Undergrad: 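This is the structure I have questions about; it appears just below.
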Protein chains: 2
Amino acid sequence: MTDPSLAPASGHDHSHCVADALARADSLCASRGARLTALRRRVLELVWRSHRPRGAYAILEDLSQQEGKPAAPLTVYRALDFLVEQGLVHRIESLNAYVGCPAPGLAHTGQFLVCESCGNTEEIDDPRIREAIRDGAAARGFRVRLPTVEVRGLCPDCQSRPRPETTP
Amino acid sequence: MTDPSLAPASGHDHSHCVADALARADSLCASRGARLTALRRRVLELVWRSHRPRGAYAILEDLSQQEGKPAAPLTVYRALDFLVEQGLVHRIESLNAYVGCPAPGLAHTGQFLVCESCGNTEEIDDPRIREAIRDGAAARGFRVRLPTVEVRGLCPDCQSRPRPETTP
DNA sequence: GTCATCGGGTTATGATATAACGCCATTCCC
DNA sequence: GGGAATGGCGTTATATCATAACCCGATGAC
Ligand SMILES: [Zn+2]
Ligand SMILES: [Zn+2]
Ligand SMILES: [Zn+2]
Ligand SMILES: [Zn+2]
């Protein structure tokens, strides 16, 4: 709850991020006839506790704590699978973790700038990167289905700060 | 050994790939003063059994079989860590697996075209992709340390074949 | 020879993810 | 409404991937 490791990116009102994400999820699922159940919605909210990718088991702990009773891994994984399918959440392969999508709605994969110091992860969708990959693959006769771009490095904040917050 | 799932890419003499990789590793490590021990060399050879990324435990099994006695996971992971550090092997994050680098020597990360049907994985180093990522990150003030590009899709062979070989 | 360094063996444990089975609520057809 | 199909989710067990902690012997510097 008040865990500082869950602090969002540099001083913004993160409750807005969460509220927006949930509202978009509600309307998107409604428009698609997808069932955003109470459990799935809660898991989405827990993914959005920060802008850092969160592991399934971290979410599981939060969920168990909220419920009082311990939840099973499958419960969380099934919810995450749904959220990923709906494009509400992206999986960060290099971290085995999940992060909320700030702009769901259209099918996209995005590219991720993952700060190795604070963990905050920015999703971008850069046409040049997308096209370079598409063309590079096409030049070799390769048919792209799912491009994965995850860039580790240092976010602007952590380049100025000497030794910032610890990992989530 | 004769496991068809280990068959290399469409009809080439894979023993050359392996021999070349080992020779390059020998000379590279010699020139750097890095110790390519018998164990590490054997693990490199096992990574190169095919052009598909192989999991640490698959390598572990091969190794145990060769030795007669069962090996421990750490044995393999330590060897893989060394090989990755030396740039002789790349880790494919989205598969939790390792693949031999066809062009070690200069520090590079490469981009990977991973066929979802046959598993064969081609490493490329496309300047346009590299530069697009560098510029896209720079535009957002992000300092890149380690770009990861893993593209899932269909290789040329598997686009023509209807239902090809199974997964490794 | 003595010491520091490093590779690697051994055992145990942690972290991530899925299989197999079944119950029950919702929905859809009639 | 009755009855069947579907899908969401609980439960238990297990698979897969990765590291911690500790020790020991080989190697090379001095
Ligand atoms: Zn926020
Ligand atoms: Zn997105
Ligand atoms: Zn080959
Ligand atoms: Zn390479």
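A note on names: the letters A, B, ... follow the listed sequences, proteins ahead of strands, and every chain is numbered from 1. Predicted model, so just to flag it, every value in this text is computed and none were measured. In what follows, every heavy atom counts, from backbone to side chain, and hydrogens, waters and symmetry copies are set aside.
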Undergrad: Hey, are A/R41 and A/D26 close enough for a salt bridge, meaning a charged N less than 4.0 Å from a carboxylate O?
TA: yes

Undergrad: Under the salt bridge (charged side-chain N to carboxylate O under 4.0 Å, His left out) definition, can you give me all pairs with a residue in residues 82-97 of chain B, not counting sequence neighbours?
TA: A/R152-B/E93, B/R91-B/E93

Undergrad: For A/R42 and D/dG8, give me the distance from atom CZ to atom P, rounded to whole Å.
TA: 16 Å

Undergrad: Does any N or O in the side chain of B/Q159 come within less than 3.5 Å of the main-chain N or O of A/G141, such that one atom is a donor and the other an acceptor?
TA: yes

Undergrad: Quick one: does any side-chain atom of B/R52 pair with a main-chain N or O of B/C118 as donor and acceptor, under 3.5 Å?
TA: yes

Undergrad: Applying ring pair (Phe, Tyr, Trp, His ring centres under 6.0 Å), which residue pairs with at least one partner in residues 109-161 of chain B are found, sequence neighbours left out?
TA: B/H90-B/F112

Undergrad: Spell out, as yes or no, whether a donor-acceptor pair under 3.5 Å connects the side chain of B/R32 to the backbone of B/Q86.
TA: yes

Undergrad: Give the B/S/- string for nucleotides 14-30 of chain D, one per nucleotide from 5' to 3', where a protein heavy atom under 4.0 Å of the base yields B, of only the sugar-phosphate yields S, and otherwise -.
TA: ---BBBBB---------

Undergrad: First and last nucleotide of DNA chain C in contact with chain A, 5' to 3', at under 4.0 Å to a heavy atom: what are they?
TA: C/dT16 to C/dA20

Undergrad: On the 0 to 90° scale, with breaks at 30° and 60°, tag the A/H14-A/H51 ring pair as parallel, tilted or perpendicular.
TA: perpendicular

Undergrad: My understanding is that only residues two or more places apart in sequence, or in another chain, count here; which of them pass side chain to side chain donor-acceptor pair (under 3.5 Å) with B/D125?
TA: B/R130

Undergrad: Locate the shortest heavy-atom distance separating A/E123 from A/G100; write the atom from each residue and the value.
TA: OE1-O, 4.4 Å

Undergrad: Using C1' atoms of five pairs at each end, report the bend of the helix from C/dG1-D/dC30 to C/dC30-D/dG1 rounded to 10 degrees.
TA: 30°

Undergrad: Is there a side-chain contact between A/Q111 and B/I133 (heavy atoms, below 4.5 Å)?
TA: no

